[in-house]
Amino acid sequence: MPPPQLPVRPEELEFFAEEELIQIVPNCSVPNKYIEGILDRYGPFEPNRVVEVPTWLALQLHKRNKARILLPAWLTSDSLDEAIERERGSPDSFSAQPYHYMELACLLLEHAKDAFTGSDDYFKVRNKLAQLVNVRRHKMEEGLRQISGTATVRVNGLGGYELNLIRNNFQGALDMFLKLEAVEAAVSAPLVSATGTFSSMS
Amino acid sequence: MDPNDSSQRDQSGQPSTCDMHHEYATQDGSLDMGCSDFELLKRALLNERMAPEILQYKEELVERVKAGLKRQETEIDAMEGQRDYELVRQVLSYEQDRVRFLLKAYLRARLEKIEQSAGSMLDTEALRERLSKQERSYASSFFVAMGRYMKSSVLNDLPPNYQSLVKRYEGEPEKRLLDTPDEAKYVFARVLDDCGQVPDGPDGQTAELRRGDTMAIKYTTVKALVEAGQVCLL
């Protein structure tokens, strides 16, 4: 039986991620300096002047060789090192990462390899990212094992990709506990209130 | 995007619940102020996808976006053939595709929900109010077509007391066959604005919702907050 459908598919997450801002250095200019779109005014586009644009625009310009993409601060080798340290140091919570860090990192690794230069070498960054993802995933699995009843859980710091990973399992388990509680209440037995020992995630 | 121009987008980073000093541009500006239409439409779409019942139609937002798309269409046509504007034209039509996709996704998510429970939507005043005019007429024609199909294929062959589309048998006081969505489920929610203590359980338990939190929480707890725009679903 195929697994239950996710309400937000990975492609859609990528679509949303492409709206996040990223810095570029254009090597061209446009008439009127700005591009007036439906949602926003993009620019100013001047050669060799750093400007922040949505990632989809950055990738389009990069594809046409009209701009150079600058690596976001959280994706540098040092930042990732720091993040891994923080993750390992706090078993109870997740370090704050941009919500779309996974999607943005994959987009850049695939389409903008020339953004990874110098000390933020492509393979180094990719390996560190993989490490970070692994550490977080272990924490999530550990947390999932501790669900023992309905509880409101604070899961700060998780990204969209990670929410999708645990969605079926996590929400499914909580939903089931909710249903069981309803049944218990219906038969008027004393309610076994399960205090969320999952508070390790709050 | 002029970094000095803060009127369009609010890029508040995550608050320092973990004592982070980094600011991440995750576009979770509070309420509706300083948010781009894309962000608003995205939130509307995700809310619709995650909520078990249909939510209020965002008429103003949809009309605004549709008007923007139309305006863009004429502008792009005007740029046809001008070499200087070639790049601009490409960028604008790419953006137009993105906006169109998002708008369609929102409308489609709502239509799916309508198809799932058209009967109960037409029956309940409160739910009917949440549909747009076109959605209402879609719901009725869908229900009628579905009904006709059910009657001709199955119901007309059943004994006379059991031929109703909405009641299990003639004389039943309630329309038990109409689907009502199940609200007892958990959702992931992002808190856009401080909500303080929110009643969370039958025993007077409360949950504290601080701005920037991501919670796994019962849908019923945050239902009103989602409508008000203080919480959005992920």
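What you are looking at is a predicted structure, and each value in this text was computed from that prediction instead of being measured. Proteins come first, then strands; the chains are lettered A, B, ... in the order of their sequence lines, and each starts at number 1.
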Q) Is it the side chain or the backbone of B/Arg64 that comes within 4.5 Å of chain A heavy atoms, both, or neither? A) neither
Q: Below 4.5 Å from any heavy atom of chain B, which atoms of A/Arg64 appear? Answer side chain, backbone, both or neither.
A: side chain
Q) So which part of B/Leu92 gets closer than 4.5 Å to some heavy atom of chain A, the side chain, the backbone, both or neither? A) side chain
Q) Heavy-atom distance under 4.5 Å to chain B: side chain of A/Glu36, backbone, both or neither? A) backbone
Q. Between B/Leu45 and chain A, which part of the residue has a heavy atom less than 4.5 Å away: side chain, backbone, both or neither?
A. side chain
(Q) Report which part of B/Glu95 has an atom under 4.5 Å of a heavy atom belonging to chain A: side chain, backbone, both, or neither. (A) both
Q | B/Ala184 portion near chain A, given a 4.5 angstrom heavy-atom threshold | A | both
**Q.** Contacting region of A/Tyr101 [heavy-atom separation from chain B under 4.5 Å]
**A.** neither
**Q.** Centroid-centroid under 6.0 Å between B/Phe101 and A/Phe16 rings
**A.** no
Q) Could you go step by step and tell me if A/Glu19 and B/Lys42 meet the salt bridge (charged side-chain N to carboxylate O under 4.0 Å, His left out) rule? A) CA-CA 11 Å; A/Glu19 195 71 16; B/Lys42 180 184 92 166; over 6 Å; no
Q. Got a donor-acceptor contact below 3.5 angstrom from the B/Arg49 side chain to the A/Leu6 backbone?
A. no
(Q) Quick check: closest heavy atoms across B/Ala216 and A/Val155, and the distance to 0.1 Å? (A) N-CG2, 4.4 Å
Q: Side chain from CB out, backbone as N, CA, C, O: work out which of these in B/Gln90 comes under 4.5 Å of a heavy atom of chain A, or both, or neither.
A: side chain
**Q.** Portion of A/Asn164 that has a non-hydrogen atom of chain B nearer than 4.5 angstrom
**A.** neither
Q | Region of A/Leu163 that comes under 4.5 Å of a non-hydrogen atom in chain B | A | both
**Q.** Euclidean distance, A/Gln60 CD relative to B/Leu87 CG, rounded to 0.5 Å
**A.** 9.5 Å
